[in-house]
**Q** 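A single structure is presented below for examination.
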Amino acid sequence: MRLAILTRDDAARVITGATGRSAWAANAANLAIGIPVLIEYLLERGLGSALWAPLGILVVMLGLAIAAALRPRPWMVATFLGAGAIGAITYQLAVISAVPSASSDALFLLNRPAVSLVLVAAGATTWLVGLAWILAGFAVSMGVTIVVAVVVGIPPTPGYGPVLVLTIYVVSYIVLASIQVTARRRIPNFDRLEEETHRTRLEEDLRSKVTAAVHDTLLNDLAIVMNAPDRLDSRVTDRLRQDLDTLTSADWLTASSEVTVDGDDSVLRNQLVMLMSDLQWRGLTVQITGSGTGIYRLAPETATALV
């Protein structure tokens, strides 16, 4: 019984893809946490009227993050980065406009969209692709921070969130890459082993066919020649020529266990199956056996006579 297992490369892609999906899960969680924090921060200061714009941006980005997690395609991730960058800039400007001191005492709140821009991955199948998307997201996040700082007229303050997330996933992908390299060195290549096993099986089959050809053809022909009179008749001569043609054409090297009837092996097989079915309906048990290494060529009239 053969067990269906993933190849080494497929398993590596599955693990890498799972790492990418974990980034999207953390992305959604980051935005979801930011919603109650934003509501509490503004309501405590009596700024409920300023709540709706930044809150709407967080909700829209959360929806985009969930959509990208469900369909982690490059175009979807690029859409999230583009729309998210605009949303993050608008979000930070709205919060700072309502509470000017937020740029210094509420970096955790301001950085929610910026952190989400780092937590992206386009269904990465290799650690290198996943790392590239994380770095691209971090670059977009830093661009958001710089744009907001220029508009507001304050020094850029990216905060620890984006840098911390970047560090965690860079280390994760590098560790994953090192594990895959180590696994390639220690774990045998099962695809190569299967190819070698298949080649060995073909070689064994070829030796069996050679043995069968020598035994069933050459020895029989030699026996005919040894026991024939001084002059071979036309029937024996045709038989020997047919055997020589068969062996020199090398058809027997690729011959299967199926019987061939003038180039069509389905005629005799179908007739035999129909005959078996008819006899089985009459209560008889029918079995057809034969050698799997022989060569069987029948003329149509011979196949009909056999049936």
Side-chain angles (χ1 to χ4, degrees), residues 20-123 133-166 168-169:
R21 288 188 177 275
S22 71
W24 285 112
N27 191 328
N30 169 71
L31 292 170
I33 291 173
I35 292 175
V37 174
L38 173 67
I39 294 174
E40 180 183 4
Y41 182 80
L42 293 180
L43 290 182
E44 283 183 350
R45 288 161 177 77
L47 299 173
S49 60
L51 174 64
W52 302 109
L55 179 61
I57 292 173
L58 287 181
V59 172
V60 171
M61 289 189 65
L62 178 59
L64 288 175
I66 294 175
L70 296 176
R71 292 183 60 84
R73 302 291 187 269
W75 65 269
M76 190 66 190
V77 179
T79 301
F80 176 83
L81 287 176
I86 297 174
I89 293 173
T90 306
Y91 170 86
Q92 291 192 20
L93 291 177
V95 174
I96 294 175
S97 176
V99 185
S101 62
S103 59
S104 59
D105 60 16
L107 283 179
F108 174 83
L109 178 62
L110 288 179
N111 281 336
R112 291 314 87 206
V115 170
S116 288
L117 293 176
V118 184
L119 292 166
V120 295
W133 278 107
I134 293 292
L135 292 175
F138 180 76
V140 174
S141 177
M142 292 299 99
V144 168
T145 301
I146 294 173
V147 169
V148 172
V150 171
V151 173
V152 178
I154 60 176
T157 52
Y160 295 107
V163 177
L164 180 61
V165 169
L166 174 69
I168 291 174
Y169 274 90

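All figures in this text were calculated on a predicted structure; none of them were measured in a lab.
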**Q** Sequence neighbours left out, what passes side-chain contact (heavy atoms from CB on, under 4.5 Å) with Ala136? Give chain and number order.
**A**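 Applying side-chain contact (heavy atoms from CB on, under 4.5 Å) to Ala136 gives none.
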
**Q** Could you go through residues 49-59 and list every donor-acceptor pair under 3.5 Å that involves a side-chain atom there, pairing it with any protein atom two or more places apart or in another chain?
**A**
none

**Q** Side-chain donor-acceptor pairs under 3.5 Å in residues 74-81, sequence neighbours left out?
**A**
| residue | atom | partner | partner atom | Å |
| --- | --- | --- | --- | --- |
| Thr79 | OG1 | Trp75 | O | 2.8 |

**Q** Which residues satisfy the side chain to side chain donor-acceptor pair (under 3.5 Å) test with Asn30, sequence neighbours excluded?
**A**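 With neighbours one apart ignored, the set is Arg112, Ser116.
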
**Q** Kindly write out the residues that satisfy side-chain contact (heavy atoms from CB on, under 4.5 Å) with Ala106, not counting sequence neighbours, or none if the list is empty.
**A**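 Partners of Ala106 under the side-chain contact (heavy atoms from CB on, under 4.5 Å) test: Tyr41, Ala102, Leu109.
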
**Q** With side chain to side chain contact (heavy atoms under 4.5 Å, CB included) as the criterion, how do Leu166 and Leu135 come out once you've worked through the C-alpha distance, each side chain's angles and the decisive distance to 0.1 Å?
**A** CA-CA 7 Å; Leu166 174 69; Leu135 292 175; 3.7 Å; yes

**Q** Among all residues two or more places apart in sequence or in another chain, which pass the side chain to side chain donor-acceptor pair (under 3.5 Å) test with Ser101?
**A** Asp105

**Q** Considering residues at least two apart in sequence or located in another chain, which fulfil the side chain to side chain donor-acceptor pair (under 3.5 Å) criterion with Tyr91?
**A** none

**Q** Tabulate below the donor-acceptor pairs under 3.5 Å that side-chain atoms of residues 139-147 make, not counting sequence neighbours, or state none.
**A**
| residue | atom | partner | partner atom | Å |
| --- | --- | --- | --- | --- |
| Ser141 | OG | Ala114 | O | 3.0 |
| Thr145 | OG1 | Ser141 | O | 3.3 |

**Q** Please identify each residue that fulfils side-chain contact (heavy atoms from CB on, under 4.5 Å) with Ile154, with sequence neighbours left out.
**A**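 side-chain contact (heavy atoms from CB on, under 4.5 Å) check on Ile154 returns Ser103, Ala149, Val152.
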
**Q** With sequence neighbours excluded, what pairs up with Ile86 under the side-chain contact (heavy atoms from CB on, under 4.5 Å) test?
**A** Thr90

**Q** I need the full list of side-chain hydrogen bond (donor to acceptor under 3.5 Å, both in side chains) pairs touching residues 54-65, with sequence neighbours left out, sorted by first then second residue.
**A** none

**Q** Mind checking whether Tyr169 and Leu119 have side chains closer than 4.5 Å, heavy atoms only?
**A** yes

